[in-house]
Number of protein chains: 2
Amino acid sequence: MQNIQNTLLTETVQLEEILSRLSWVSKRYISCQLNQFQITPPQFATLRCIAQKQNGVSMSDLSDHCQAVMPTMTGIIKRLVSRGLVERKPDPSDRRTTLILLTETGQQLLSEITQLRREYLDQYLLTLTLQERQSTIEILERYLQNMETWLLNQEAA
Amino acid sequence: MQNIQNTLLTETVQLEEILSRLSWVSKRYISCQLNQFQITPPQFATLRCIAQKQNGVSMSDLSDHCQAVMPTMTGIIKRLVSRGLVERKPDPSDRRTTLILLTETGQQLLSEITQLRREYLDQYLLTLTLQERQSTIEILERYLQNMETWLLNQEAA
DNA sequence: TATTGTTATACTCTATAACTATA
DNA sequence: TATAGTTATAGAGTATAACAATA
């Protein structure tokens with residue numbers, strides 16, 4: 001009996017398992033870290049996305065970058081606004097567009113969270129060699145781009 | 001001014017960013033792969049967990065391993081039962097306990113999804129060297145155990 | 001009393017469809 | 001007509017609190 005699995009790399013089965021667990025466990029892990037700050041993973045991803053641009057991000061850009069549909073973003077932003085973490089500003093060049101910006105409170109919260117996460121991560125990274133750390137960065141970055149490209153293609157289709 | 005960030009490894013800032021993106025993007029990626037099978041990431045994680053034990057898993061074990069509280073599991077299992085993917089069986093040794101098992105349909109669906117994921121992943125892994133693939137497995141496995149241990153400690157506290 | 005599990009409730013995230021306002 | 005964004009609605013996941021049945 002010809003089994004298609006025979007053609008796979010020997011590491012593939014193992015890594016599919018690891019990456020499935022990683023997706024789930026890292027979500028629970030981040031969720032748990034965010035608990036004390038009273039924000040959720042989608043809100044965290046959104047805050048990070050907003051922080052990348054100094055002059056504000058439109059709802060549709062946010063929607064694209066966070067891979068969430070517009071009505072979903074509307075809800076997330078509404079909650080972030082009500083907590084005083086972001087604010088809406090009209091775009092002078094197009095009156096249909098609303099720009100979203102971090103408030104000072106939002107910036108402060110985001111950097112507190114990031115700092116905490118860095119400290120936790122640093123402890124783990126100390127258990128790796130320099131070479132391992134650098135190769136991890138390289139490989140995960142490529143893997144991320146791989147998934148992001150795939151997701152964009154799905155969207156187009 | 002003494003800045004705590006100065007004490008971090010140079011790779012830490014970069015990896016915190018990468019791991020945040022990874023958590024979010026891998027969730028969207030898996031979610032997108034699961035779409036055609038009409039199941040959600042928490043349902044997928046649950047099915048995998050059930051599949052690991054031949055003789056069924058209790059709700060409380062599921063709740064522990066999936067890191068979700070019992071009422072959450074009740075809901076997820078309810079939907080999986082209604083789709084015919086899992087079934088409940090009373091535990092003969094303790095009448096309080098319900099054992100959850102995969103149905104034949106559930107096993108089949110799970111292996112279809114896994115096969116699809118392996119094929120996608122395999123294509124990416126071909127772009128890595130053997131050494132890179134093996135070191136990725138080792139590093140991610142250790143990172144996972146790190147997070148899992150941390151989560152268990154949080155729960156205890 | 002302690003454990004196993006469900007139900008009730010409330011909130012967030014999610015997508016689709018319908019809508020408003022602007023270009 | 002097309003684009004930017006919101007509202008309405010429904011379903012899934014999440015946690016807390018209250019409850020029933022069994023140990």
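Protein chains get the first letters and strands the later ones, always in sequence-line order, with residue 1 at the start of each. Since this is a predicted model, take the numbers as computed values, not measurements.
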- prompt: Is any side-chain N or O of B:R96 closer than 4.0 Å to OP1 or OP2 of C:dT3?
  reply: no
### Task
Examine D:dG5: is either OP1 or OP2 under 4.0 Å from a nitrogen or oxygen in the side chain of A:T74? Give yes or no.
no
Do B:L34 and B:P41 come within less than 4.5 Å of each other through their side chains, counting heavy atoms only?
yes
Comparing nearest nucleotides in DNA chain D, the 5'-proximal residue of the pair B:P41, A:M73 is A:M73
In numerical order, the residues of residues 18-30 of chain B whose heavy atoms come under 4.0 Å of DNA chain C are B:W24, B:K27, B:R28
Worksheet entry | C:dT4 phosphate, OP1 or OP2, under 4.0 Å from B:T97 side-chain N/O | no
Does OP1 or OP2 of D:dG5 have a side-chain N or O of A:S60 closer than 4.0 Å?
-> yes
What one should report as the nearest heavy-atom pair of A:L125 and B:L9 is CB-CD1, 3.6 Å
Just checking, any donor-acceptor pair under 3.5 angstrom between side chains of A:E138 and A:Q134? no
Please work out if A:S58 contacts a base, only the sugar-phosphate, or nothing of the nucleic acid, heavy-atom cut-off 4.0 Å. sugar-phosphate
Heavy atoms of B:R118 and A:L8 approach each other most closely as CB-CD1, 3.8 Å
Listing, residues 60-72 of chain A side-chain donor-acceptor contacts under 3.5 Å, not counting sequence neighbours, or none:
residue	atom	partner	partner atom	Å
A:S60	OG	A:S58	OG	3.4
A:S63	OG	A:A68	O	2.5
A:H65	ND1	A:D61	O	3.1

Worksheet item: With a 4.0 Å cut-off on heavy atoms, is A:T40 in touch with a base, just the backbone sugar-phosphate, or nothing at all?
Response: sugar-phosphate
Using the six-membered ring wherever Trp is involved, compare the ring planes of B:Y143 and A:Y29 and label them parallel, tilted or perpendicular (cut-offs 30° and 60°). perpendicular
Of the candidates D:dA23, D:dT7, C:dT4, the side chain of B:R95 sits closest to D:dA23
- Test salt bridge (Lys or Arg N to Asp or Glu O under 4.0 Å) applied to A:R28 and B:E148, step by step: CA-CA 9 Å; A:R28 305 301 307 190; B:E148 279 168 350; over 6 Å; no
Are the charged groups of B:E132 and A:R142 less than 4.0 angstrom apart, N to O?
-> yes
The nucleotide from D:dT7, C:dT22, C:dT7 with an atom nearest the side chain of A:D94 is C:dT22
Look at the rings of A:Y120 and B:W150 and say which category their plane angle falls in: under 30° parallel, 30 to 60° tilted, over 60° perpendicular. perpendicular
Using a heavy-atom cut-off of 4.0 Å across all strands, would you classify A:M70 as base, sugar-phosphate, or nothing? base
Residues in residues 42-57 of chain A with a heavy atom under 4.0 Å of DNA chain C, by number, are A:P42, A:Q43
Of D:dT16, C:dT4, C:dT12, the nucleotide closest to the side chain of B:V69 is D:dT16
